[in-house]
Amino acid sequence: MRTGRRRRVSAHTRRAVALVLSSIVLAGAAGTAAVHAALPDEDPAPAATYAAAAEPAARFGSACRTVIERSKAVAYCHNPYPEADLVRLHTECARWWDLDGDGGPVEVGPAQTVRLTGRCWKEVGSVWVTHERAPDPPHPPLVRRERPR
């Protein structure tokens, strides 16, 4: 059972707590000042305009997960965005005499998942996937209609 006695806090502990709290407050104020300094003063456009301008570039690319089992490498890539993505699997083998492999580009359409595989003779050292934007599909040729005479 506890009695009504309270534990005394030393002046040294109180000073340490005050120092930590004041440094947290100062760091927060400095961070806020840095954010305000980074925004241009003469442009009254809201921050949402900047986010909307940067959004299309950021909304691209498949999410890929790689798995290595001894001499085999597998990557599963899923594209959650409406723009197609070209992915390539790159395999680096652990042995100096083993040939590294670079796979060909595979198109991952919107809401699709693809499986990429690679292998080495012995162990796989590392594996990674590169992304690039798929070219726009060609426009269908214009058909010229003849008028009846």
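The analysis underlying the following values was restricted to heavy atoms, covering all of them including side chains, and did not include hydrogens, waters or symmetry mates.
Checked options Val106, Val127, Thr91; the residue passing with Leu116 is Val106 (criterion: side-chain contact (heavy atoms from CB on, under 4.5 Å)).
Contact of the Gln112 side chain with the Asn79 side chain is not registered, since no non-hydrogen atoms from C-beta on lie closer than 4.5 Å.
Each disulfide bond (SG atoms under 2.5 Å apart) pair with one or both residues in residues 84-122, not counting sequence neighbours, appears once here: Cys93-Cys120. Residue pairs meeting the salt bridge (charged side-chain N to carboxylate O under 4.0 Å, His left out) criterion with at least one partner in residues 93-109, sequence neighbours excluded, are Arg95-Glu123.
Between Pro82 and Pro110, the closest heavy-atom pair is O-CG, 3.2 Å. Annotation for Val108 and Cys77: closest pair CG1-O, 4.2 Å, computed over non-hydrogen atoms.
With sequence neighbours excluded, the residues that form a side-chain contact (heavy atoms from CB on, under 4.5 Å) with Ser126 are Glu92, Trp128. Listed by chain and number, the residues in a side-chain contact (heavy atoms from CB on, under 4.5 Å) with Glu132 are Leu86 (sequence neighbours excluded). Taking Asp85 as the reference, Ser62, His131 meet the side chain to side chain donor-acceptor pair (under 3.5 Å) condition, with sequence neighbours excluded.
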Would you list the atom pairs, donor with acceptor, under 3.5 Å between side chains in residues 65-76 and any protein atom, with sequence neighbours excluded?
residue, atom, partner, partner atom, Å
Ser71, OG, Arg119, NH2, 3.4
Tyr76, OH, Arg115, NE, 3.4

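Here Trp97 sits in one hydrophobic cluster together with Trp96, Trp121; the rule is ILVMFWY side chains under 4.5 Å apart, joined directly or through other members.
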